[in-house]
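Report on the structure given below.
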Amino acid sequence: MTEPHAAYAAHVAARAATTARALAETGFDRLLIHSGVPFTYFADDNDAPFHPTPHFAHWAPVDGPHHLLDVVPGKRPRLVRVQPRDFWYAPPAPAPDFVQREFDVVEVATPGAAWKEIGAAGPRTAFIGAAIEETGTHGIVPAGVNPRALVARLDWERTYKSDWEIDAIAAATAKAAPAHRAAEAAFRAGAPEIEIHHAYLAALGDVEEALPYTTIVGLDDRAATLHYHGKRGREGGKARVFLIDAGAATRGYACDITRTYIAAGADPVFARLLDGMKKMQARLSVEGRPGKSYVDLHFEAHRIVGALLSETGVFRVSGEEAFARGLTHPFLPHGLGHFLGIQVHDVAGRQIDREGTIAPPPEGHPALRITRVIEERMLFTIEPGLYFIPMLLEPYRTGPNRDAFDWALVDRLIPSGGIRIEDNLLIGRDENRNLTREFLPD
Ligand code: GLY
Ligand code: MN
Ligand code: MN
């Protein structure tokens, strides 16, 4: 790994350069980025777990709401940090040393004092954040509040990960890998979903709120619910299939990892499908190289799903014919992957230029989150899936495609749920770096 302070300094310098360019292109000469406002549930005094504004997190992993980052091209950036005097809740941790080296840091006790520190802002100041009410009273014009042209350019830059960001995602993966191992061991020992989830958290050493997304822990048929968040307490022991999609976060960056395991007694056709999906996932992780369209990679996943289902007799037609007739859709209803970074589903996957032009997903593939050509320093997931989802299969049981399926075999496989295998891939100049396999080889 790169020396952290040097990598962070380079990351901040890159933010300064790309932000200066984006401001110049969009008619601004100053940018204020707000770290976020706590979200309080309606008619309650309870807050949701705090997530910082991603644009703020891109500059600085500084905990807590109400901070303001003040960026003026050519000047050292300022961080106005709000440190409340609070005895109900523990105040956020101070800004780490490596951040303090790169910013002029001012500490204040209230959000109002932070705005006072910012001083007068004019029509050429842009603001990014959720604290919109305050902008008007501080001289920021409506066109300067979350301006689309500026946000598009900053999102575009987030496509290309710096060494600092890559190190953070690698560190998150290093934390998540032993937790995945612990979850697998719990499954093998016959634990129910809730205990597997607790085994994951215990090995990670984090509270649930620190996860980048809610764990998906599905045994047997629950593996077919793409974002299954239930945690049953009694069904361990007899389960033959275990799907876990769980991550970790470090310095505000996420990893996003899925594994599917089977136990002795699993349906042999399902076991063959799992084997085929593992091979396909490994192959696509190598084939996703600069110059290739991510959409084509996604289509390739559908073709291979078609071939696997044909080879195992689920389809009564060839894989190619099944693909051509759109019959793989109910089995793979999500996209092959997404950008990964500060957000688990990171920005700009469908944005094809810095100005913000959007390339929609191809017809019939509405869930595909990346429609771009692959480039160096992109970091995305490769997560093919193959599921037996009764709701999606139902329409095919009647009508012109009915005979293309062996329905008795489909019904036999529904209790096995499904398969997803997900790695996080950094696109390098000479080769890809599979961050996940470095820490979780199988
Ligand atoms: N964990 C959510 C996803 O894989 O997209
Ligand atoms: Mn994912
Ligand atoms: Mn995932």
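In listed order, ligands and their atoms are each counted from 1.
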Tell me whether [X] is salt-bridged to [Y], with the criterion being a basic N under 4.0 Å from an acidic carboxylate O.
| X | Y | answer |
| --- | --- | --- |
| D406 | R412 | no |
| E287 | R283 | yes |
| E320 | R303 | yes |
| E195 | K231 | no |
| D353 | R153 | no |

Ligand-side contact atoms (ligand 1) for residue partner [X], heavy atom cut-off under 4.0 Å:
| X | value |
| --- | --- |
| D245 | 1 (N), 2 (C), 3 (C), 4 (O) |
| H338 | 3 (C), 4 (O), 5 (O) |
| E422 | 4 (O) |

> Who passes side-chain contact (heavy atoms from CB on, under 4.5 Å) against K279, sequence neighbours left out?
Replying inline: D275
Could you list the donor-acceptor pairs under 3.5 angstrom formed between side-chain atoms of residues 217-226 and any protein atom two or more places apart in sequence or on another chain?
residue	atom	partner	partner atom	Å
D220	OD1	R240	N	2.9
D220	OD1	V241	N	2.9

> Is R251 positioned over the aromatic face of W164, cation under 6.0 angstrom from the ring centre and no more than 45 degrees off axis?
Replying inline: yes
> What number of protein N, O or S atoms occur at distances under 2.8 Å from the Mn ion (ligand 2)?
Replying inline: 4
Would you be so kind as to tabulate the donor-acceptor pairs closer than 3.5 Å made by side chains of residues 381-396, with sequence neighbours excluded?
residue	atom	partner	partner atom	Å
T381	OG1	H338	N	3.1
T381	OG1	E383	OE2	2.9
E383	OE2	H338	NE2	2.8
Y387	OH	H334	NE2	2.7
Y387	OH	R420	NH1	2.7
E394	OE1	R397	NE	3.4

> What do you reckon, does H227 have a nitrogen or oxygen under 3.5 Å from a nitrogen or oxygen of ligand 1?
Replying inline: no
> Among protein heavy atoms, which sits nearest to atom 3 (C) of ligand 1, and what does the distance come to when rounded to 0.1 Å?
Replying inline: D256 OD2, 3.4 Å
> Which residue supplies the protein heavy atom nearest to atom 5 (O) of ligand 1, what is that atom called, and how far is it?
Replying inline: H345 NE2, 2.7 Å
